[in-house]
Amino acid sequence: MASINFKDIEQKVSRFWEDQKLNQPETGKGEKKFITAAFPYPNSPQHIGHGRTYTITDIYARYLRMKGYNVLFPMAFHVTGTPILAMADRIREKDEELLDIFERIYHISRKESEKLTDPKDLVMYFSKEIEQGMNEIGLMIDWRRKFYSFDVHFNKFIEWQFRKLKEKGLIMQGEHYIPWSIKLNSAVGSHDTKGDVDPQMEQVVAIKFKFNDGYLVASTYRPETIFGLTNIWVNPNIKYVKAKNKEGEILYFSKDAAEILSNQIDLEIISEVDGKEFENKKATNPANGEEVPLFPASFVKSDVGTGIVMSVPAHAPFDYVALRDIGKENLSVKIIEVGNYGMPAKDVVEKFGIKDQNDPKLEEATKALYREEAHNGKMLVYKKGLPVSKAKEEVKEMLIGKNQAFTIWIIANAPVYSREGDQIIIKKVNTQWFINYGDKEWKDKSKKLLSGMSVIPEDGRKEMMATMDWLDKKACTRAKGLGTKFPFDQSQVIESLSDSTIYMSFYTIADKIKEFKPEELDESFFDYIFMGKGKPKNKTHEEMRKSFLYWYPLDSRHSGWDLVKNHLPFFIMNHCAIFEDRMLPRQIVLNGFVLMEGKKMSKSFGNILPLRDAIREYGADVVRFSVVAGAELIEDTDFSVSVASGVRERLEYILDFMEKEEGEEEIIDRWINAKFNRKLESLESNYDKFELRQISLDFFYEFYNDLNWYVSRKRTNPRLNGIMRKWARIMAPIMPFIAEHIWREKFKNKGTIFSERMPKPEKYDEDVVRAEELVKSLNDDIERLMGIVKKKPNKIYIYIPEQWKFELFEDISRIREMKGIMKEASAKYNDNMEFVSRVAKGLGNRLYTMEKPIPRKIMEDQLRDAKAFFSKRFGVEVIVENEENSSNEKAKGSTPIRPTIYLE
RNA sequence: GCAGGGGUCGCCCAGCCUGGUCAAAGGCGCAGGGCUUAGGACCCUGUCUCUUUGGAGUUCGUGGGUUCAAAUCCCACCCCCUGCACCA
């Protein structure tokens with residue numbers, strides 16, 4: 001088998017494409033298609049997962065080009081946000097973990113990576129790397145339009161966008177809670193934390209218990225259990241404070257808690273209180289006015305919640321065990337009925353066999369009971385029979401309404417530590433800027449647009465609709481990060497999901513805008529280009545307007561499935577807010593991820609396969625094929641060495657037929673042509689619907705199997721050049737290098753294959769295909785029979801049924817109903833009623849669906865043609881005989897859908 | 001809690017929208033055979049149960065229903081996964 005030098009082919013073909021300017025469409029020439037994929041964030045080299053979205057986009061671009069469109073597929077780099085800044089900081093701090101990843105996975109030497117302490121250098125390093133990878137994988141990108149989202153020209157564009165949003169009343173200011181690091185003095189995302197943990201926010205209820213001159217504050221997830229309160233836990237070994245809130249109420253917290261919470265609520269600390277001072281005191285339960293004792297507990301942590309814990313031993317395993325440890329478990333008051341528990345917490349603790357407060361199983365027991373009660377619990381007090389899930393909300397509202405409780409935000413997955421080592425807290429920001437995605441009118445217009453767009457796969461539309469339903473105010477600025485300064489507050493930077501919503505329009509002018517100085521890019525400049533307001537400043541300015549009008553609207557937007565809940569709805573909504581109706585996007589195409597040997601790729605698993613490594617190893621076309629052919633569009637696809645090498649080997653096998661001298665035309669040539677043409681019928685619709693998996697099955701895997709069968713049936717040399725010429729064009733979008741190569745080298749064409757059209761299906765003979773199915777099933781039957789007989793026969797007989805049986809089967813396929821068939825048959829085939837009824841019954845359900853049998857002549861020709869094949873395969877003489885010429889009793893059972901075989 | 005997705009023959013997964021050709025494609029695994037010094041790779045065959053070509057019986061989360069006919073349509077229930085934002 002010929003081994004292909006992919007590397008040589010890729011380089012040669014790349015050069016040719018460059019000469020042809022295949023990727024540089026002329027503005028205004030013919031009917032256009034403008035397609036984009038989500039631009040990358042260059043904080044690492046791309047891996048094969050990124051390759052999937054881009055490959056799908058490129059396949060579409062090339063396919064559209066082969067349909068005669070003038071196609072623009074541009075690319076840029078999204079550098080907005082903080083992760084790259086954080087990364088540069090870490091490099092400066094010589095973060096061992098990060099440097100190790102750079103060395104091991106990204107193949108960047110320590111020396112080199114230690115130089116990348118300027119965020120800009122990081123951006124340039126990785127973007128160059130990514131750009132090279134995109135070229136190597138064969139993306140038809142028009143690089144003349146490349147830009148970075150921190151480019152000053154782009155900044156001006158984004159400022160323009162935000163002024164437009166503000167004019168429409170979609171920008172607003174208000175208070176907002178965010179995860180915060182005191183040491184970093186900034187909001188934190190996962191990239192700012194130790195171990196890349198994403199800090200999760202959660203709201204809990206803080207209940208006030210009358211105590212002395214003020215209130216003890218205890219936070220809880222389960223306000224409804226307040227009715228089962230028996231005591232309050234305080235830790236005698238930690239420091240507490242007495243503080244005053246805005247309303248002048250005295251509140252007690254642990255000292256740490258007060259410090260953390262002072263970032264959320266206004267607190268004035270009055271004095272420190274020792275934990276021991278709470279001993280032997282009592283506080284009042286606001287829900288029922290009962291006095292409960294304060295008990296000392298070492299498990300109460302100073303920096304969790306408020307440092308004061310309410311105790312409900314009937315329903316909280318922790319509280320039960322803690323009370324049991326001091327011999328007071330009998331205090332439990334049951335307030336929730338659930339399952340067949342007597343005393344829920346007690347029963348669960350005993351079921352889990354928990355010894356004391358320090359038992360690690362306690363956590364598990366708590367979770368189990370909480371879930372059970374939340375789902376199936378019913379209140380015994382307050383409102384008898386009320387489900388716990390409802391009571392939780394009601395009691396919370398009730399307590400807050402009576403000023404007996406308030407809500408606070410906590411880190412749900414605490415403790416999370418920042419890079420600097422301090423614990424992440426929640427801070428309230430009073431002057432946060434928002435985009436108001438909750439605006440009703442805006443939402444409605446956007447949903448209307450979405451319902452008219454093409455979304456592939458269709459499920460994505462539902463998800464985006466649902467997202468738009470709950471979308472509300474979205475914080476759009478932050479204090480730090482690369483990107484564009486917020487025009488209405490220069491201390492803020494526009495956040496990354498907010499500056500990437502209409503950037504596709506910028507591509508249409510990105511090449512020419514560089515001719516202008518930044519200060520020229522004022523309001524009127526963009527108003528003219530994108531809205532047609534006013535007059536052009538000069539010729540270039542006028543051309544930019546034309547370019548926008550030519551390329552927009554966007555014909556197809558491609559991204560991973562994960563952007564469905566954020567970027568894509570923003571993309572749609574911002575287009576609706578800014579542009580005229582005729583400029584709104586037309587299609588969204590979504591795809592799933594790539595798994596590596598069945599596992600999610602991640603830095604921690606160390607199983608990231610960089611795209612360029614994969615290309616070097618397997619060749620660009622094989623990688624392209626492997627990442628798109630293995631699964632349905634939205635499903636995750638698995639990349640594995642065995643898949644890639646399997647693809648490569650099959651490809652080499654198929655290409656092997658290219659140069660062979662052609663043999664004579666035989667029946668089996670009609671067969672392979674028929675099968676090929678049948679698949680061709682659905683080719684274009686499969687491309688249009690992104691059924692790339694189906695195309696790969698049809699024209700790669702199954703085609704490969706067909707070739708195998710074809711070769712085994714063919715007596716003379718293969719005769720496949722006609723098919724192969726078509727095959728190259730069919731596969732060209734998916735495997736462009738190989739396709740271009742064979743188009744020009746093997747078939748000696750001058751131009752590029754991408755100026756050709758997809759082949760159209762020709763008429764074919766369906767009967768030949770069905771007759772060949774018969775040959776295949778006969779082949780299987782003979783094999784099975786020989787296996788059963790366990791003896792090699794002298795001769796194999798195949799009996800072609802008599803003509804009247806073909807007529808009978810035709811009648812059956814027309815009537816498709818037992819009684820009618822028997823009626824018709826008794827008139828026509830009276831002598832053979834026994835055969836007819838046996839056959840008809842034997843058909844079972846197939847009676848309802850049977851197709852017309854193939855003509856006897858065709859069956860005869862095909863089986864006689866296959867004689868040589870059978871003989872060779874089974875090593876014995878094969879005799880194909882007509883039923884009427886045979887004296888063998890077995891021959892009488894032969895039918896048009898299953899000719900009888902007889903082994904002698 | 002809210003939203004979205006899903007439960008298929010050892011595993012992964014297609015089919016269900018447009019009911020019948022579905023005992024249910026494909027891949028992996030496993031078994032046998034071929035090829036090889038051997039292993040790997042590759043090729044062929046088998047892989048729900050019973051059955052000497054036919055065929056029969058039980059299957060598609062659970063329980064109902066519609067239909068001549070349901071993995072496919074309808075209803076109820078159980079279980080699992082993902083996301084919930086200021087983060088790219």
Side-chain angles (χ1 to χ4, degrees), chain A residues 1 38-44 78-84 176-179 187-192 198-201 374-375 389-390 392-393 429 432-435 437 458-460 462-467 469-478 481 494-498 500 561-567 569-570 595 598 630-632 634-638 640 642-643 645-646 649 653 693-694 697 701-702 705 708 712 777-778 780-790 816-818 838-839 841-851 873 890 893 895 897-898 900-903:
Chain A
M1 197 187 291
F39 55 2
Y41 186 75
N43 67 338
S44 64
H78 195 211
V79 303
T80 306
T82 53
I84 289 178
H176 192 56
Y177 295 85
I178 43 173
V188 287
S190 57
H191 50 270
D192 295 308
D198 193 28
Q200 281 160 16
M201 292 170 33
H375 285 152
S389 50
K390 288 221 173 74
K392 185 171 289 193
E393 276 310 301
V429 180
Q432 176 64 50
W433 291 92
F434 299 94
I435 296 176
Y437 289 113
E458 187 57 38
D459 284 356
K462 228 195 289 173
E463 186 102 5
M464 285 189 277
M465 283 287 182
T467 305
D469 275 336
W470 60 256
L471 270 180
D472 198 6
K473 293 192 293 273
K474 148 98 183 135
C476 63
T477 65
R478 47 186 306 170
I494 294 169
E495 159 287 330
S496 68
L497 283 171
S498 302
S500 58
W561 174 250
D562 54 329
L563 300 188
V564 142
K565 290 180 198 81
N566 43 48
H567 165 258
F570 299 156
L595 304 177
E632 302 288 321
I634 22 137
E635 297 296 330
D636 292 350
T637 188
D638 192 16
S640 69
S642 63
V643 168
S645 51
E649 272 159 30
Y653 176 86
R693 181 180 141 92
Q694 192 58 45
L697 284 175
Y701 289 110
E702 282 177 19
N705 288 341
N708 264 329
S712 72
S777 73
L778 282 172
D780 293 348
D781 285 347
I782 294 170
E783 263 170 15
R784 204 176 313 137
L785 263 181
M786 283 172 74
I788 289 161
V789 176
K790 294 236 164 61
R816 297 187 172 185
E817 184 268 316
M818 195 56 133
R838 207 179 66 230
V839 164
K841 273 185 205 145
L843 282 172
N845 277 338
R846 289 182 65 189
L847 195 68
Y848 297 97
T849 56
M850 214 179 65
E851 287 180 68
R873 193 166 174 94
K890 293 253 179 195
T895 70
I897 55 170
R898 190 173 202 127
T900 300
I901 305 156
Y902 179 67
L903 306 189

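Worth knowing before you read on, the calculation uses all heavy atoms, side chains too, and leaves out hydrogens, waters and symmetry mates. Per chain, numbering begins at 1; letters A, B, ... match sequence-line order. What you are looking at is a predicted structure, and each value in this text was computed from that prediction instead of being measured.
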Please compare Asn708(A) and Tyr437(A) by the position of their nearest nucleotide in RNA chain B and report the one closer to 5'.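 Looking at RNA chain B, the more 5' nearest nucleotide goes with Asn708(A).
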
5' precedence on RNA chain B between Asn705(A) and Val79(A) (nearest-nucleotide basis):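 Mapping each residue to its closest nucleotide by heavy atoms, the 5'-most match is Asn705(A).
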
Taking only side-chain nitrogens and oxygens of [X], does any of them come within less than 4.0 Å of OP1 or OP2 of [N]?
| X | N | value |
| --- | --- | --- |
| Arg478(A) | A88(B) | yes |
| Ser190(A) | C87(B) | no |
| Thr82(A) | A88(B) | yes |
| Lys462(A) | A3(B) | no |

Strand partner of A3(B), provided both Watson-Crick or wobble distances fall under 3.5 Å: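 Pair assignment: A3(B) / U82(B).
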
Could you tell me which nucleotide pairs with C30(B) by Watson-Crick or G-U wobble geometry, both distances under 3.5 Å, or answer none if nothing does?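 The answer is G46(B), by the H-bond criterion.
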
I'd like the [atom1] distance from [M] over to [N], given in whole Å.
| N | M | atom1 | result |
| --- | --- | --- | --- |
| A31(B) | A14(B) | P | 27 Å |
| C30(B) | U66(B) | P | 47 Å |
| G27(B) | U37(B) | C1' | 32 Å |
| G7(B) | U51(B) | C1' | 33 Å |

Quick one, Asn43(A) and His191(A) - any side-chain contact, counting heavy atoms below 4.5 Å?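 SC-SC contact between Asn43(A) and His191(A) ruled out.
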
Looking at side-chain heavy atoms only, is the closest gap between Asp636(A) and Trp561(A) below 4.5 Å?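 Sidechains of Trp561(A) and Asp636(A): no contact.
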
Listed nucleotide nearest any side-chain atom of [X], set [options]:
| X | options | answer |
| --- | --- | --- |
| Glu649(A) | G4(B), A85(B), A41(B) | A41(B) |
| Glu632(A) | A14(B), C86(B), C87(B) | A14(B) |
| Ala466(A) | A3(B), A88(B), A85(B) | A3(B) |

Assign Ile178(A) to base, sugar-phosphate, or nothing according to its heavy-atom contacts below 4.0 angstrom with the strands shown.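 Result for Ile178(A) = nothing.
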
Between atom CG in Asp636(A) and atom P in U82(B), what is the gap in whole Å?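 To the nearest whole Å, that distance equals 12 Å.
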
Rounded to whole Å, how long is the line connecting atom CZ of Arg693(A) with atom P of G26(B)?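 These atoms are roughly 12 Å apart.
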
Please answer whether the main-chain N or O of Thr477(A) pairs with a side-chain N or O of Gln432(A) as donor and acceptor at a distance below 3.5 Å.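 A pair under 3.5 Å: yes.
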
Give me the atom names and distance for the closest heavy-atom approach of Phe434(A) to Ala475(A).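 Looks like CD2-N, 3.5 Å.
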
For side chain to side chain donor-acceptor pair (under 3.5 Å), just list the numbers for Glu495(A) and Thr80(A), CA-CA rounded to whole Å, side-chain angles, deciding distance to a tenth of an Å, and then say yes or no. CA-CA 7 Å; Glu495(A) 159 287 330; Thr80(A) 306; over 6 Å; no

